[in-house]
Amino acid sequence: MAAHTCILRLAIYSPLRRYFDYLPPNGIPYQQLQPGIRLQVSFGKRTVVGILIAVVSQSQVAFHKLKQAQHCLDKSPIIPTPLLQLLTWAVNYYHHSPGEVFFTALPRALRQGKSANLPTYRQWFLTPKGCSSDLKILIRAPHQRQIIELLRYHPQGLTSSEIKEKFGTYQSSLRSLVIKGWVNFKEECAWKKQESSKKHFKHLLNPSQKIAVTTILTAQQKFQPFLLEGVTGSGKTEVYLHVIEEIIAKNQQALVLTPEIGLTPQIVERFCSHLQGSVAVLHSGLTDRERLAVWVAAYEGKVAVIIGTRSAIWAPLQHLGIIIVDEEHDPSFKQQEGFRYHARDLAIVWARQAKIPVVLGSATPSLESLYNARCQRYHLLQLSQRAGKAQTPQIYLIDIRSCSLEAGISPPMLKALEHHLEQGNQALLFLNRRGFAPTLICYECGFIIPCRRCDSYMTVYQYNDSHRLRCHHCGANQLIPANCPQCNHSFLYPKGLGTEQVEAKLRSIFPDTGIARIDRDTTRGSGVLDKILNDIQKKKYRLLIGTQMLAKGHHYPNITLVGILDADQGLFSGDFRAGERMAQLILQVIGRSGRGEKSGEVLIQTRHPDNLLLQAIISQKYDRVAKILLEERYQTGFPPHGYLALLRAKSALVDTPIAFLENARDMAIALNTHQGMVTVLGPVSAPMERRAGYYRGQLLLQGSSRPYLQQLLATWIPKLEFLKTARKVKWSLDVDPVDLM
DNA sequence: AGCACGCCGACT
DNA sequence: GTCGGCGTGCTC
Ligand SMILES: [Zn+2]
Ligand SMILES: [Zn+2]
């Protein structure tokens, strides 16, 4: 019997870190049992969907315990082989449960076992008869009449959902109209092929762009990572476009990953207008249906280029020819909960498996990528020139220890603002803190209003959330109290600085100037940011104040003054990556100024004008910045001079996370065969111990060798779920954490 | 996670 | 008595 037993190894959506073995359903030909198909199985007391990962002949589980799968949900795989390989790699590297890994890659409909057909929608339009007929006949059918009137406004037709949006009930009316022969429909496939008005507008490349393009293209059909380094405005996007053009001309596909904020309609438009072939977009704003449609279309090869955020790394592309990761240093490529994958790192893995080139682009590369380039693992390509005639900006530090500040603005900063606005130019102020003020404090007793669920203070909001306090860590909010909760005194005042406050101050100083605030609070809702950006182009706003949203990827050609209100915040805060982040942010903001013809000026307010890192930043030489940071990482054994894995645990009770982590630590130390190679540090409570009602702790594994760290994780992590103390906490592993918060 | 089972206190 | 909270076990 055992000789030709066929056992199906399935991934099932559950936090359990293992696969589940089943026997094949009755009457299924062996050839149909391809990895990547889905089956319906009984799992415990439930019926669930499983994904076939492998067909094996042996199982760890006793034969009599194996259940038979109920039936196959697919005739052929819904996950292409390269993606299956990538997912399998991710299961092993991130030591996460296979079920959650494989299922996060799928659109919701496929997770639920629905069919993998290209979803369609109905496009309704008027027939010639419907166009010309007299509406008076419809006097007793007001719904039908409304629909006809609406369709006459939209000669290109309307979708069912668009009609449904206008009138709640519509189906019976449409049916009657179809019978009358006034209206008809056609089935359209539901994925929005991105269209562009302008087609084919070719740019000439400068010499360093040309070199980049040809170098990348000579590496086709082989694994080769490139680090494309170039300041904002040096034309990285042009390089991407020329490379992709060549790739898709050979009937291969291209995948472009961008940070969350970078995926603007402008950038999509740019790709569409330059590229022949269908471009599809994948981001968090899509409906489930649209996501499924893009997935199926991509799998069927109907899509040549996918542009998307982090999760687009799971696009089912069978003929991938190149991957591009733009702004590769951006932290949004790392998923920060559950299955904590890094899309940039997975891009490298995919490229290696598929033997294709991968391009990481950035003006301020991550230290990891920079280090890889130095070790010759990545080919470094530099775009030296800023496009156009613009000069690099002049940068000045303002020592604010000896200044009196008004809403965080020093006299020299104010003077510069006045000057640049008088010249008719635009100015930008950067402050990486939302709200009116980070704290509300009692004048009498000094009590600061805390969040009830976090070890943190409530942020004061005056405008957006009209007179409320909000916690940035858990979302809790309340009205601003009239009296101090501790001493009942009524004089509570906001202390510290936020963008709302700066905006208010600027409005009082420059009452006749258009002022825009750009942060997460003013840009909620789709299209809002886009409208603000458009109005900036039109010079409706001349003074901009904002958080890191301002820094990322948008073009503001007329800005000649950039002011950084607080360079120290972030530069000196606890986390090991804080310095890198802040340096990248400051350099990105600096890059916003002085494009086009005008050269720019940058003013940076600081209390530490002599700080080495700050000095390196204002030299605008990123390699100087990197040298300082890399030296620091070398001293501490942090990435890229070392590899990290962080075990996190949280619970509503104070002591349980640490108790679990202590058990976990003991186990790790016992299993650690190479103590010189992997160090177990902690456990300690998290920098902010309580968040959203949970007490949090963490245990850090630091390795000087990645294989040894991985080997320890592989033996250790599967054992953790059997610890008694594990039941009382929520725990998760973070391989290559981007921060230790 | 999601579901079932069994034990114990408390409440109509 | 029996309702329900929660600790424990199990998922091929
Ligand atoms: Zn008080
Ligand atoms: Zn909170």
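Each chain gets a letter, A, B and so on, in the order its sequence line appears, and its residues count up from 1.
Interatomic distance, OH of A:Tyr93 versus OH of A:Tyr341, reported as 15.5 Å (0.5 Å rounding).
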Tell me which donor-acceptor pairs under 3.5 Å the side chains of residues 43-53 of chain A have, and how far apart each pair is, sequence neighbours excluded?
none

Identify all side-chain donor-acceptor contacts of residues 70-81 of chain A below 3.5 Å with residues at least two apart in sequence or on another chain.
unit_1  : atom_1 : unit_2  : atom_2 : d
A:Asp74 : OD1    : A:Arg38 : NH2    : 2.9
A:Asp74 : OD2    : A:Arg38 : N      : 2.9
A:Asp74 : OD2    : A:Arg38 : NE     : 2.8

Taking distance alone, no hydrogens or angles, what donor-acceptor pairs closer than 3.5 Å link side-chain atoms of residues 100-110 of chain A to residues at least two apart or in another chain?
unit_1   : atom_1 : unit_2   : atom_2 : d
A:Glu100 : OE1    : A:His96  : NE2    : 2.8
A:Thr104 : OG1    : A:Glu100 : O      : 3.0
A:Thr104 : OG1    : A:Val101 : O      : 2.8
A:Arg108 : NE     : A:Asp288 : OD2    : 2.8

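Think of the region where chain A sits on DNA chain B: with heavy atoms and a 4.0 Å cut, that region ends 5' and 3' at B:dA1 to B:dA4.
Take A:Arg691 and apply the salt bridge (Lys or Arg N to Asp or Glu O under 4.0 Å) test, not counting sequence neighbours, and it matches no residue. For A:Gln698, there are no side chain to side chain donor-acceptor pair (under 3.5 Å) partners two or more places apart in sequence or in a different chain. Not counting sequence neighbours, A:Arg665 has no partner by the salt bridge (Lys or Arg N to Asp or Glu O under 4.0 Å) test. Listed by chain and number, the residues in a salt bridge (Lys or Arg N to Asp or Glu O under 4.0 Å) with A:Glu300 are A:Lys302 (sequence neighbours excluded). In this structure A:Arg433 satisfies the salt bridge (Lys or Arg N to Asp or Glu O under 4.0 Å) test together with A:Asp566, sequence neighbours excluded.
Under the 4.5 Å side-chain criterion, counting only non-hydrogen atoms from C-beta, A:Arg696 is not in contact with A:Arg690.
A heavy-atom distance below 4.0 Å to DNA chain C is reached by none of the residues of residues 85-95 of chain A. Residues from residues 653-666 of chain A placing a heavy atom under 4.0 Å of any atom in DNA chain C do not occur.
The environment of NZ in A:Lys334 is crowded: more than 12 heavy-atom neighbours from other residues, nucleotides or ligands sit within 6.0 Å.
Of all the heavy atoms in A:Tyr22 and A:Ser42, the pair that sits closest is OH-O, 2.9 Å.
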Contact letters for nucleotides 6-12 of chain C, in which S counts primed atoms plus P, OP1 and OP2 and B counts the base, heavy atoms under 4.0 Å: --BB-BB
